[in-house]
Each structure stands twice: as C-alpha cells, then as structure tokens.
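Hydrogens, waters and symmetry mates are skipped; everything else that's a heavy atom, side chains included, is used.
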Amino acid sequence: MSFDFKEAKHILIFGMGEIAKAITEHIQILNPNVKLYGVTRSKNRSIKNVKLFFHDPTDSSSWSRLEQEIGKLNITFDLIFSSYGVLHNDKLRPEKRLADIQLENMIEAHCINTFSCALIAKHFSQFLPIKKSSTLVFLSAKVGSIEDNKMGGWYSYRSSKAALNMMMKNISIELGRSRKLLSVQCIHPGTTKSALSKPFLSSTNLKVRSPLESAKNICNVIEEASRQGTGLFKNWDGSDLPW
C-alpha cells in the first residue's frame, strides 16, 4: 500500500468545512492536475477548482441519490476523505454531566459522526480501485480514545467518535478482502481553529493550529499511514493513538 498526492488523479471529499477546504487548497499545491470532488450540506457553497455535490448526511434518501450522481462520473478515486463531524450547533452542546443528555442530541451526533462513516463505505467504496492502491480516511478525534479518557463528559461526541473508530476498523477488514491495496484510516487533526472548536479555544492549553497547518499534517499522515497498513487510528503527527 502506498498513496502519493502527487500521483493522485481523482479525490472525493465529504464535508467541506474549514479543514476540508484547506485540504483541497493544499492538495492543489501538491498536485495541480488532480481532479477534486466535494460533498457539501450547503447549496450555496462554492470552492475554487472543486466540483461540488449537495448532500445532507442526515437524510436517509439522499445517500442513494448521491451514489447515482457520483456513479455518473464513471471514475475511480485514489482517495475518499470524510471530515463529517459535529460537536455543537444551535441546539447541540457537549454534555458535561449525565443530566445534560438529550436523546435527540445523541442521535444527531451519532448520525453525523458515526453513521456517515458506514454509509460512505457502503455507497462509495465501489468507486475505489480493486487492483491499485487507494485510501479511505475519516476524521476522528483523540477524545474518542477510550483508553485516553481521563476527564469524562462530552458523552455524545466521545461515544460517537469511539464508535466511528470501530466502524472504520470493521470497514478496513471487510474491504481489505476485495481491495488488498486499500488503506483505511481514522485521523485526529489536532486542535484546529474552526467553527467546531471556536467556543472552546479560550479554555484550552493545547496548541491551536490554522486549518492550513492541520491540512498539511493530515496529508502527511495519510501518505505515511498508507505505507503502514490499514485499520489505523492516527494522531496529527503520525503517531498511533490508543483505542
């Protein structure tokens, strides 16, 4: 297994937030000839040199429609990357206590952070080559590590990211039977200045990186991890994270 951005021809990216947008910019520097395709929840979104498809990951019927749209391209992808994730929104907040838990919020968090992973693999792994190296990557989070959890709290986010890691491991095993050269990975991007992290940056003592810094780190990890195998949970610096 070996993935090289400079040799990639087609890349598909789900969830066009700050990190994903920065990744498209960095990839175009590494490889000006690559064709980039993005999947976004915003109908008004536009990104330079990226062909966009609209898709709502919480709408069950939209997955098959998107599969049909992507299929019309009649191509295979060297990399499929998902940055789908939610920590907070207008009604969802990280729970500090059991008393804060709301069922509808837990369902939404798992729908976006976890279930999208399995659905991407179900609908779009067919567009990964069989006899050529390729990579399938999901953005995860260090707080999804059960072993690393020393503080508790953030019930929905922690559990949905831990479940994402299990989904990824399952996917790597099943797809590995038919695609021997496929590397499947989960990557923690590190603390990044974005809409997801903005409410919590003032209270963190961790180094905060720009989206472009994180994008460069993620791309480096994707290349290096693809040479190490499949079913990997990686930190932004390439080190292994505990499950």
Side-chain angles (χ1 to χ4, degrees), residues 1 3 8-17 19-20 23 35-42 50-86 106-141 144 156-157 159-188 218 222 225-226 229-234 243:
M1 302 175 188
F3 176 81
K9 294 182 179 179
H10 302 99
I11 292 175
L12 175 63
I13 299 176
F14 286 81
M16 303 305 296
I19 292 179
I23 285 176
K35 302 295 184 183
L36 296 174
Y37 305 83
V39 179
T40 176
R41 298 181 72 175
S42 173
V50 180
K51 178 177 176 57
L52 293 178
F53 298 88
F54 171 74
H55 168 64
D56 180 356
T58 65
D59 178 2
S60 60
S61 64
S62 71
W63 287 94
S64 293
R65 290 198 300 270
L66 181 62
E67 177 187 343
Q68 293 174 0
E69 288 186 70
I70 297 295
K72 291 176 183 177
L73 296 173
N74 197 29
I75 58 176
T76 57
F77 296 99
D78 302 285
L79 168 67
I80 295 179
F81 176 91
S82 173
S83 68
Y84 276 149
V86 62
M106 286 197 297
I107 291 173
E108 180 175 1
H110 283 75
C111 183
I112 297 174
N113 294 335
T114 308
F115 304 152
S116 65
C117 167
L119 290 166
I120 286 170
K122 173 185 176 181
H123 290 279
F124 305 100
S125 61
Q126 62 183 299
F127 305 123
L128 293 166
I130 295 177
K131 297 183 179 180
K132 178 186 172 185
S133 293
S134 60
T135 308
L136 175 59
V137 178
F138 304 97
L139 274 197
S140 186
S156 295
Y157 193 69
S159 61
S160 62
K161 288 297 187 177
L164 163 63
N165 295 340
M166 178 60 84
M167 287 282 194
M168 180 279 297
K169 192 69 173 182
N170 265 14
I171 290 164
S172 72
I173 293 170
E174 180 173 347
L175 294 185
R177 295 175 184 137
S178 59
R179 289 168 168 77
K180 307 293 185 183
L181 301 178
L182 171 65
S183 175
V184 188
Q185 312 162 14
C186 273
I187 299 176
H188 167 58
I218 291 167
I222 289 173
S226 71
T230 189
L232 306 172
F233 182 23
K234 290 289 187 177
W243 299 107

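Atom OG of Ser42 sits about 11.5 Å away from atom CE of Met16, to the nearest 0.5 Å. In this structure, Lys72 NZ and Glu69 CD are separated by 6.5 Å, a value rounded to the nearest 0.5 Å. Ile107 CD1 to Thr114 OG1: the interatomic distance, rounded to the nearest 0.5 Å, is 12.5 Å. Note that the CD1 atom of Ile13 and the CZ atom of Phe53 stand 13.0 Å from one another [nearest 0.5 Å]. With values rounded to the nearest 0.5 angstrom, Ile80 atom CD1 is found 8.5 Å from Ile70 atom CD1. In this structure, the separation between OG1 on Thr230 and NZ on Lys180 is 11.5 Å, given to the nearest 0.5 Å.
In this structure, Ser64 contributes its side chain and Ser61 its backbone to no donor-acceptor pair below 3.5 Å. Panel note: side chain Ser134, backbone Leu79; no donor-acceptor pair is recorded below 3.5 Å. For the pair Ser62 (side chain) and His55 (backbone), a donor-acceptor distance under 3.5 Å is absent.
Both the sub-6.0 Å distance and the 45° axial angle are not jointly satisfied by Lys35 relative to the ring of Tyr37.
The closest side-chain heavy-atom distance from Leu66 to Phe54 is not below 4.5 Å. Considering only heavy atoms from C-beta on, Arg179 stays 4.5 Å or farther from Leu136 through its side chain. With a 4.5 Å cut-off on side-chain heavy atoms, His110 and Ser160 count as touching. You'll find the side chain of Phe124 reaches within 4.5 Å of the side chain of Phe14, heavy atoms only. Side-chain contact check for Ile218 versus Leu139: some heavy-atom pair is nearer than 4.5 Å. The closest side-chain heavy-atom distance from His10 to Leu73 is not below 4.5 Å.
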Exercise for the section: Apply the test side chain to side chain contact (heavy atoms under 4.5 Å, CB included) to residues Phe127 and Leu12: give CA-CA distance (whole Å), side-chain angles for both, the deciding distance (0.1 Å), then the verdict. Expected result: CA-CA 10 Å; Phe127 305 123; Leu12 175 63; 5.9 Å; no
Exercise for the section: Please lay out, stage by stage, how Phe138 and Ser82 fare under the test side chain to side chain contact (heavy atoms under 4.5 Å, CB included). Expected result: CA-CA 5 Å; Phe138 304 97; Ser82 173; 3.8 Å; yes
Practice task
For the pair Asp78 and Thr135, evaluate side chain to side chain contact (heavy atoms under 4.5 Å, CB included) and give the outcome as yes or no after the intermediate values.
Solution key: CA-CA 6 Å; Asp78 302 285; Thr135 308; over 6 Å; no
Exercise for the section: For Phe115 and Thr58, run side chain to side chain contact (heavy atoms under 4.5 Å, CB included): C-alpha distance rounded to whole Å, both residues' side-chain angles, the deciding distance at 0.1 Å, then the answer. Expected result: CA-CA 9 Å; Phe115 304 152; Thr58 65; over 6 Å; no
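The two atoms that bring Ser172 and Gly231 nearest to each other are OG-CA, 3.4 Å, heavy atoms only. Minimum interatomic distance between Ala141 and Lys161 (heavy atoms only, all atoms of both residues): CB-CG, 3.9 Å. Nearest heavy-atom pair across Cys186 and Leu164 is SG-CG, 4.1 Å. Minimum heavy-atom separation, Lys122 to Ser125: O-OG, 4.4 Å. Summarising the geometry of Gly38 relative to Val50, their closest heavy-atom pair is N-CG1, 3.6 Å, with the distance given to 0.1 Å. Heavy atoms only, all atoms of each residue included: Cys117 and Ile171 are closest at SG-CD1, 3.7 Å.
Glu174 CD: 12 or fewer foreign heavy atoms inside a 6.0 Å radius.
If you check the side chains of Asn165 and Ser140, you find a donor sitting under 3.5 Å from an acceptor.
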